[in-house]
Amino acid sequence: MEKIGIFGGTYNPPHVGHLNIAEQFVEAYGLDRLLIIPTYVPPHKVSPNLASCEDRIAMCNATFTDPVYEVSTIEIGRKGKSYTHDTLKELKGIYKDAKFYFLCGDDMLLSLHTWYKPKDILKYCTIVAAVRTDGLSYDVLKDYAVSRYRGPYEGGKIQFLEIDPMELSSTEIRNKIKSGEKIDKLVTKETLAYINSRGLYSD
């Protein structure tokens, strides 16, 4: 059975912090494939200065170059708000025999009960919460999982991945570009070349 990871985000732009998390996720779970899925419209936040779908796809392809990574247009192609439930349901139809691992931030796990059809999501995949926020302990996440989703948690459908994150955000990169600062250590050289060629985020 193929083990497929799912790593979604706005990727505006993708950076070495994203790549660092992806590498740790692949290694920890022995993934055969990691789907990099740029969102069409982020349901949980408003994204100022959002690059076009085509630009974000191109930057993801320039960032995630290892064969284990596959940039997917499933959410961009569907348009509308990118609900995790809808994406997983569609992926289950494409990869019928695969086992899915959905990576999310620890802060996002704590809002799982507000997601669209969370119980169905837990039927489609194993949720892997990346433990990375200062002051947000494993115990807090475990207590949440046990109190709200005891059955799925005890069945291994909610897991935790301790990672060594890089303190870096796409917002920070966009701000640096706008102010004329160098970002060559923050994105891959291929992504930097693309950003420069398209004049992204400089307005």
Side-chain angles (χ1 to χ4, degrees), residues 1-12 14-39 42-45 47 60 63-64 66 68-70 72 75 82-89 91-92 95 98-173 186:
M1 180 181 289
E2 187 177 18
K3 297 169 72 174
I4 299 178
I6 299 168
F7 186 18
T10 311
Y11 297 117
N12 187 43
H15 51 68
V16 294
H18 292 130
L19 192 56
N20 174 56
I21 293 172
E23 289 170 348
Q24 293 182 67
F25 186 30
V26 168
E27 183 176 356
Y29 280 85
L31 300 176
D32 299 300
R33 185 195 313 247
L34 178 56
L35 299 177
I36 306 298
I37 306 181
T39 56
H44 301 293
K45 60 183 178 181
S47 294
C60 283
T63 300
F64 300 96
D66 190 278
V68 74
Y69 304 125
E70 181 179 317
S72 170
E75 293 191 351
S82 301
Y83 290 112
T84 299
H85 168 274
D86 296 344
T87 299
L88 283 165
K89 185 176 182 180
L91 289 173
K92 290 291 281 187
Y95 305 99
K99 186 171 184 179
F100 290 98
Y101 297 86
F102 179 85
L103 183 67
C104 71
D106 44 18
D107 55 332
M108 287 297 293
L109 176 68
L110 296 177
S111 68
L112 179 60
H113 59 284
T114 69
W115 296 16
Y116 178 59
K117 295 187 177 181
K119 291 182 180 178
D120 285 345
I121 288 173
L122 288 165
K123 292 177 184 175
Y124 293 144
C125 73
T126 296
I127 290 180
V128 180
V131 183
R132 58 185 178 178
T133 304
D134 288 342
L136 191 56
S137 72
Y138 166 82
D139 288 337
V140 171
L141 300 174
K142 181 180 177 182
D143 288 346
Y144 172 84
V146 169
S147 65
R148 293 223 177 227
Y149 303 100
R150 178 182 289 273
Y153 171 72
E154 291 180 346
K157 299 289 284 185
I158 298 176
Q159 299 182 17
F160 307 108
L161 173 64
E162 289 194 38
I163 62 172
D164 183 20
M166 301 175 68
E167 296 301 323
L168 181 59
S169 73
S170 295
T171 301
E172 177 186 343
I173 292 172
L186 309 181

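By convention here, the first residue in the shown sequence is residue 1.
Between Tyr29 and Tyr101, the two ring planes are tilted [angle within 30° to 60°].
At most 12 non-hydrogen atoms from other residues, nucleotides or ligands lie less than 6.0 angstrom from NZ of Lys89. Residue Lys3 qualifies as enclosed at atom NZ: its count of foreign heavy atoms under 6.0 Å is above 12.
Between Leu34 and Ile6, the shortest heavy-atom contact is CD1-N, 3.7 Å. Minimum heavy-atom separation, Tyr95 to Glu70: OH-OE2, 3.2 Å. Across His15 and Ile173, no two heavy atoms sit closer than the pair CB-CD1, 3.3 Å. Heavy atoms only, all atoms of each residue included: Glu162 and Gln24 are closest at O-OE1, 4.5 Å. Shortest non-hydrogen contact noted between Leu168 and Leu186 is CD2-O, 3.8 Å. Summarising the geometry of Phe7 relative to Ile21, their closest heavy-atom pair is CZ-CG2, 4.1 Å, with the distance given to 0.1 Å.
Between the side chain of Lys99 and the main chain of Glu2, no donor-acceptor pair closer than 3.5 Å is present. With Ser169 contributing its side chain and Glu172 its backbone, the two residues share a donor-acceptor pair below 3.5 Å.
The distance from the CG atom of Leu31 to the CG atom of Leu103 is 9.5 Å, given to the nearest 0.5 Å. Between the CD1 atom in Ile121 and the OG1 atom in Thr126 there is a gap of 13.0 Å [rounded to 0.5 Å]. For the atom pair NZ (Lys92) and CZ (Phe100), the distance works out to 6.0 Å, reported to the nearest 0.5 Å. The CG atom of Leu122 lies 10.0 Å from the CG atom of Leu88; values are rounded to the nearest 0.5 Å. The distance from the CZ atom of Phe160 to the CD1 atom of Ile127 is 10.0 Å, given to the nearest 0.5 Å. With values rounded to the nearest 0.5 angstrom, Leu35 atom CG is found 6.0 Å from Ser72 atom OG.
At a threshold of 4.5 Å between non-hydrogen side-chain atoms, the residues Leu91 and Ile37 count as touching. At a threshold of 4.5 Å between non-hydrogen side-chain atoms, the residues Ser170 and His18 count as touching. A heavy-atom distance below 4.5 Å is found between the side chains of Val16 and Met166. Two residues are said to be in side-chain contact when any heavy atoms from C-beta on lie closer than 4.5 Å; Tyr153 and Arg148 fail this criterion. Between Tyr83 and Lys117, every side-chain heavy-atom pair lies at or beyond the 4.5 Å cut-off. Contact of the Tyr11 side chain with the Thr63 side chain is not registered, since no non-hydrogen atoms from C-beta on lie closer than 4.5 Å.
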Trace of the side chain to side chain contact (heavy atoms under 4.5 Å, CB included) decision for Ile4 with Asp32: CA-CA 6 Å; Ile4 299 178; Asp32 299 300; 5.8 Å; no
Evaluate the side chain to side chain contact (heavy atoms under 4.5 Å, CB included) criterion for residues Tyr69 and Leu19: first the C-alpha distance (whole Å), next the side-chain angles of each, then the deciding distance (0.1 Å), finally the verdict. CA-CA 10 Å; Tyr69 304 125; Leu19 192 56; 4.1 Å; yes
Determine whether His85 and Trp115 satisfy the following criterion, side chain to side chain contact (heavy atoms under 4.5 Å, CB included), listing intermediate values before the conclusion. CA-CA 8 Å; His85 168 274; Trp115 296 16; over 6 Å; no
For Leu112 and Tyr149: C-alpha separation, side-chain torsions, deciding distance, then whether side chain to side chain contact (heavy atoms under 4.5 Å, CB included) applies. CA-CA 10 Å; Leu112 179 60; Tyr149 303 100; 3.7 Å; yes
